[in-house]
Amino acid sequence: DDNRFSPDGRLPDGDKDAQHVRDIFYRMGFDDHAIVALLGAHSVGRCHTDRSGFWGPWSRSESTFSNEYYRFMLEEEWVEKTTHKGSEWKGPIQFENKDGDLMMLSTDLALITDPKFRVWTEKYVKD
């Protein structure tokens with residue numbers, strides 16, 4: 001057993017860092033370029049607390065695939081979420097923009113804090 005991975009082989013834990021993302025996806029044959037592209041799927045959909053513990057959308061057009069995920073990641077200022085609908089946030093660590101209408105996970109923000117991931121993120125912002 002390798003404690004870097006979830007026991008059931010699920011996707012990365014959203015509250016982890018760049019190395020965790022690499023540990024998960026390198027073993028599947030992905031490189032950094034492919035990992036950044038794959039995480040771009042977050043431009044569609046949202047997190048639901050009853051499924052993942054996280055809450056909210058990554059983009060303002062949840063049903064349209066676009067580069068908003070990458071753009072917002074770089075254009076918005078992200079702060080740790082502390083409240084939810086007027087109450088204390090009790091979920092796992094996640095981040096929200098100043099308006100509180102968009103969210104990012106630690107694994108998402110790894111795409112801009114890790115220099116090797118950021119190169120690809122910046123390319124997708126322009127595409």
Nearest-0.5 Å distance that lies between atom NE2 in His33 and atom CH2 in Trp120: 4.5 Å

Heavy atoms from other residues, nucleotides or ligands near CD of Glu75 exceed 12 (cutoff 6.0 Å): yes

Derivation of the side-chain contact (heavy atoms from CB on, under 4.5 Å) call for Gln19 and Asp23: CA-CA 6 Å; Gln19 188 57 54; Asp23 288 343; 2.9 Å; yes

Nearest heavy-atom neighbours spanning Met103 and Trp58: O-CD1, 3.4 Å

Lys/Arg cation over aromatic Trp55: Arg46, 6.0 Å, 45° cone: yes

Donor-acceptor contact below 3.5 Å, side chain Asp31 vs main chain Ile35: no

Same cluster (ILVMFWY, side-chain, under 4.5 Å), Val119 and Val21: no

Intermediate values then yes/no, side-chain contact (heavy atoms from CB on, under 4.5 Å), Phe25 and Asp32: CA-CA 9 Å; Phe25 289 113; Asp32 287 352; over 6 Å; no

Cation over ring face, Arg71 and Tyr124, 6.0 Å, 45°: no

Donor-acceptor contact present, side-chain Ser43 to main-chain Gly40, <3.5 Å: yes

Remaining members of the apolar cluster that contains Phe65, side-chain heavy atoms under 4.5 Å: Val44

From CE (Met104) to CD (Glu76), nearest 0.5 Å: 8.5 Å

Any donor-acceptor pair under 3.5 Å from Ser66 side chain to Glu68 backbone: yes

Heavy-atom donor-acceptor pair, Asp13 side chain to Lys16 backbone, under 3.5 Å: no

Euclidean distance, Leu105 CG relative to Asp15 CG, rounded to 0.5 Å: 8.5 Å

Lys/Arg cation over aromatic Phe30: Arg22, 6.0 Å, 45° cone: no

Val79 vs Phe95, side-chain contact (heavy atoms from CB on, under 4.5 Å): CA-CA, chis, key distance, verdict: CA-CA 5 Å; Val79 297; Phe95 299 86; 5.8 Å; no

Cationic N near anionic O, under 4.0 Å, Lys126 to Glu122: no

Sub-4.5 Å side-chain heavy-atom contact between Ile112 and Leu74: yes

Stepwise salt bridge (charged side-chain N to carboxylate O under 4.0 Å, His left out) check, Lys98 with Glu77: CA-CA 7 Å; Lys98 66 179 172 146; Glu77 183 177 329; over 6 Å; no

Heavy-atom check, side chain of Ser59 versus side chain of Ser61, under 4.5 Å: yes

Working for side chain to side chain donor-acceptor pair (under 3.5 Å), residues Asp108 and Tyr70: CA-CA 9 Å; Asp108 296 312; Tyr70 302 109; over 6 Å; no

Over 12 non-hydrogen atoms of neighbours within 6.0 angstrom of CD1 in Ile93: no

Pairing residues for Trp78 by the ring-ring contact (aromatic ring centres under 6.0 Å, His included) criterion, not counting sequence neighbours: none

Nearest heavy atoms of Ala110 and Phe117, plus distance in Å: O-CD1, 3.7 Å

Spacing of Phe54 atom CZ and Cys47 atom SG [to the nearest 0.5 Å]: 7.0 Å

Side-chain donor/acceptor of Thr83 to backbone N/O of Glu88, under 3.5 Å: no

From Gln94 atom CD to Leu109 atom CG, the distance as rounded to the nearest 0.5 Å: 10.5 Å

